[in-house]
Amino acid sequence: MDQRALSQLLTFSALLTKALPKHTEQNLNQFYSGAVQALKTCVSADAVALLLHQNGALVPVAIEGLTREAFGRRFVINDHPRLFAISESNTPVIFDEHSTLPDPYDGLLLAQEGDIPVHACMGIPLYHQQELQGVLTLDSLTPGIFKQYSMPFLQTINDIFAEHLTVALNCEKLLRKARHGDALVSELSQTSHEMIGDSALMVSLKSDIELVASSDFTVLVLGETGTGKELVARNIHGASRRAKQVFVQVNCASLPENLAESEFFGHRKGSFTGADKHRDGKFLLADGGTLFLDEIGELPLHIQSKLLRVLQSGEIQPVGADRTQQVNVRIVAATNRDLKAEVEAGRFRADLYHRLSVYPLIVPPLRARHHDIPLLAGFFIEQVRKKLGITQLTLSTQLQETLCGYDWPGNIRELEHVISRSALKAKQAQWQQQIVRIELEHSELNQEYETITPKASTQVMNDYDVPFKELVDNFQKLHIIEMLKKHQLNWAATARALQMDRANLVRLAKRLGIEITKKL
């Protein structure tokens, strides 16, 4: 190894050491980003990614040179031959430029517009004590570019990076243990019910989940339909000391009123018509674990009183039983209703509401975190790609912008369904292509809006008898309409062009009487 290579390695090691986390998890994310930047000082590549191993999949934690939706993808190792080969190796892997193995990043590189296949690919496995912690991937559009590096040089990079990653991950565990003691037996990052998103709202929600998970507090999860309230409940359970115990879910809206008590508390044989055997209720099934009461706002009043008694005493009495039984259950409830308003209307017990809302969590709607839409889209794209048997599936830039500009009244569930339907249409239209690209035309969002008009006609701009405020409003109205047309009715793109916050633009447009007319 020559002097220049040794100097590069020393610089690389120093940069990694400097990036190591010291106090907070934010520093861990900074380490991931800094580590990728440090690697680029040693190896030339159009795209570099650091992916951590979680439950048989590789999860991107830092990327350079790839589209943002790649951040949301979860690459199941067994589904991607190149990632499998890297993960199975003990040394860096340089793939032949003529390799027929599909590359997971085909069409995702930012170096060139369009569905350009990757021409050079290298992977570095990151092991600690024979356990795969993650991989580094390096990709380029220049064939054979990685062959210039000697294997001893690459192996040294491998060893240095793996050592520093181990230190960083251990720092994270120590920081988490310092905050929560030994209560947090399951890492949030290791849950199979992952919450996708790195917006400020999601970072705050994840922090609250981790905080309350270390306790046994009753949690009330609030949010609109389709925002992922069940996912929040599962993450609370998965990050708690009860993680290895059972998670039982009850949909309160689907419970027949005459059988709700039996569903919750069980019954004894012969206690009512049709009770031909003993049956344990959900509380007894969840003993030692977590009971998730979904759509708690739909529960009838007479069942609410019985539920309150259990929450107060921890005792249940099966229908037809003479004795009570003690249960140890952690309650997480969820609703899309305004329970305070329900209490005021007399449809929900105030005492039960206060018992449930020991620690309320609000799940933000998707329209409040547009920053997360590309990540969520990438997550769903990787799932549907596998279901449809597509080698590679990508999003067009225009569709990405449209997704980010849409208000998503159905929230994450609606986004998932739009991605699935659009992918199916794209596959049908491009069935002969190795890289299937979802265009705006494949999505119903392309047909949702036809024209944009003001609710009232605008005044002529040179009419000097019009009040000054009205003239200003008319000018703003006309200008916003023209910009919306220019950007294909995409609110996000229009806001960027006007150098405005998207939410402020929507509010201004509403005040000015600008509306979008939907196609019938």
Side-chain angles (χ1 to χ4, degrees), residues 195 197 199-237 240 247-257 260-261 263-265 282-283 286 290-314 329-369 372 407-414 503 506-507 510:
M195 299 178 65
S199 63
L201 286 173
M202 286 304 294
V203 170
S204 176
L205 178 59
K206 290 176 184 178
S207 177
D208 283 341
I209 289 172
E210 183 174 353
L211 177 63
V212 75
S214 63
S215 72
D216 263 342
F217 288 171
T218 300
V219 180
L220 180 62
V221 185
L222 304 169
E224 297 176 8
T225 298
T227 52
K229 297 186 291 295
E230 179 187 341
L231 193 62
V232 170
R234 289 187 178 277
N235 273 267
I236 292 171
H237 173 74
S240 73
F247 178 91
V248 177
Q249 180 175 354
V250 181
N251 188 327
C252 298
S254 66
L255 287 177
E257 190 169 342
E261 186 176 358
E263 283 293 318
F264 277 129
F265 313 123
K282 301 299 185 184
F283 270 90
T290 300
L291 180 60
F292 175 46
L293 304 177
D294 198 9
E295 300 191 57
I296 188 70
E298 312 297 325
L299 206 60
L301 278 169
H302 77 280
I303 299 298
Q304 290 180 26
S305 62
K306 295 179 183 294
L307 179 61
L308 175 65
R309 188 169 64 249
V310 177
L311 296 182
Q312 290 173 332
S313 65
V329 176
R330 201 261 182 87
I331 298 294
V332 178
T335 182
N336 57 11
R337 291 197 178 195
D338 183 347
L339 286 192
K340 287 185 178 180
E342 294 294 300
V343 169
E344 293 174 0
R347 292 188 292 267
F348 202 86
R349 294 180 62 105
D351 45 6
L352 178 58
Y353 167 70
H354 291 297
R355 178 68 66 171
L356 291 171
S357 58
V358 175
Y359 200 101
L361 290 176
I362 299 176
V363 186
L366 189 53
R367 63 180 174 274
R369 53 187 191 103
D372 293 331
D407 276 342
W408 300 108
N411 292 294
I412 297 174
R413 188 177 298 130
E414 182 184 5
V506 172
R507 282 193 290 269
K510 185 177 181 180

Nearest heavy-atom neighbours spanning A333 and F292:
C-CE1, 4.3 Å
Decide yes or no for V219 and V232: does some side-chain heavy atom of the first lie under 4.5 Å from some side-chain heavy atom of the second?
no
In a check of side chain to side chain donor-acceptor pair (under 3.5 Å) between D351 and each of H354, R355, R349, which one passes?
R349
Assess the residue pair K340 and E344 against the criterion (salt bridge (Lys or Arg N to Asp or Glu O under 4.0 Å)); give the C-alpha distance rounded to whole Å, side-chain angles, the decisive distance to 0.1 Å, and a yes or no.
CA-CA 6 Å; K340 287 185 178 180; E344 293 174 0; over 6 Å; no
To the nearest 0.5 Å, what is the distance between OG on S240 and CG on N235?
10.5 Å
Compute whether any side-chain donor of one residue and acceptor of the other, for T227 and N411, lie under 3.5 angstrom apart.
no
Hey, are the side chains of L307 and I296 touching, using non-hydrogen atoms and a 4.5 Å cut-off?
yes
Looking at CG of L291 and CD1 of I331, how far apart are the two atoms once the value is rounded to the nearest 0.5 Å?
4.5 Å
Of all heavy-atom pairs between T218 and V358, which one has the smallest distance, and what is that distance?
O-CB, 3.3 Å
Determine whether a donor-acceptor pair (N or O, by modelled atom type, separation under 3.5 Å) exists between the side chain of S204 and the backbone of L201.
no
Check whether any side-chain heavy atom of H237 sits under 4.5 Å from a side-chain heavy atom of V332, and report yes or no.
no
Measure the CG-CG distance between L339 and L352 for me, rounded to the nearest 0.5 Å.
8.5 Å
For F217 and R330, work out which heavy atoms get closest and say how close.
O-NE, 2.7 Å
Could you tell me whether a side-chain N or O of K229 sits under 3.5 Å from a main-chain N or O of G223, the two making a donor and an acceptor?
yes
Residues E210 and K206 bridged, charged N to O under 4.0 Å:
no
Please tell me if the side chains of F348 and L356 come closer than 4.5 Å, counting only heavy atoms from C-beta onward.
yes
Can you name the nearest heavy-atom pair linking P365 to E224, along with the distance?
CB-OE1, 3.8 Å
Could you report the tightest heavy-atom contact between L299 and Q304, atom names first, then the distance?
O-NE2, 2.7 Å
Minimum side-chain heavy-atom gap F264-L293 below 4.5 Å
yes
Is the shortest heavy-atom distance from the side chain of F265 to the side chain of K306 under 4.5 Å?
yes
When rounded to the nearest 0.5 angstrom, what distance separates CD1 in I236 from CG in L231?
10.5 Å
Taking every heavy atom of A286 against every heavy atom of V329, the minimum-distance pair comes out as O-CG2, 3.7 Å
Test item: N251 side-chain N/O and A253 main-chain N/O as donor-acceptor pair under 3.5 Å
yes
Taking side chain as C-beta onward, heavy atoms only, is Y353 less than 4.5 Å from L220?
yes
Is the shortest side-chain heavy-atom distance between E342 and T335 below 4.5 Å?
no
Please indicate whether I303 has more than 12 foreign heavy atoms, meaning atoms of other residues, nucleotides or ligands, lying under 6.0 Å from its CD1.
yes
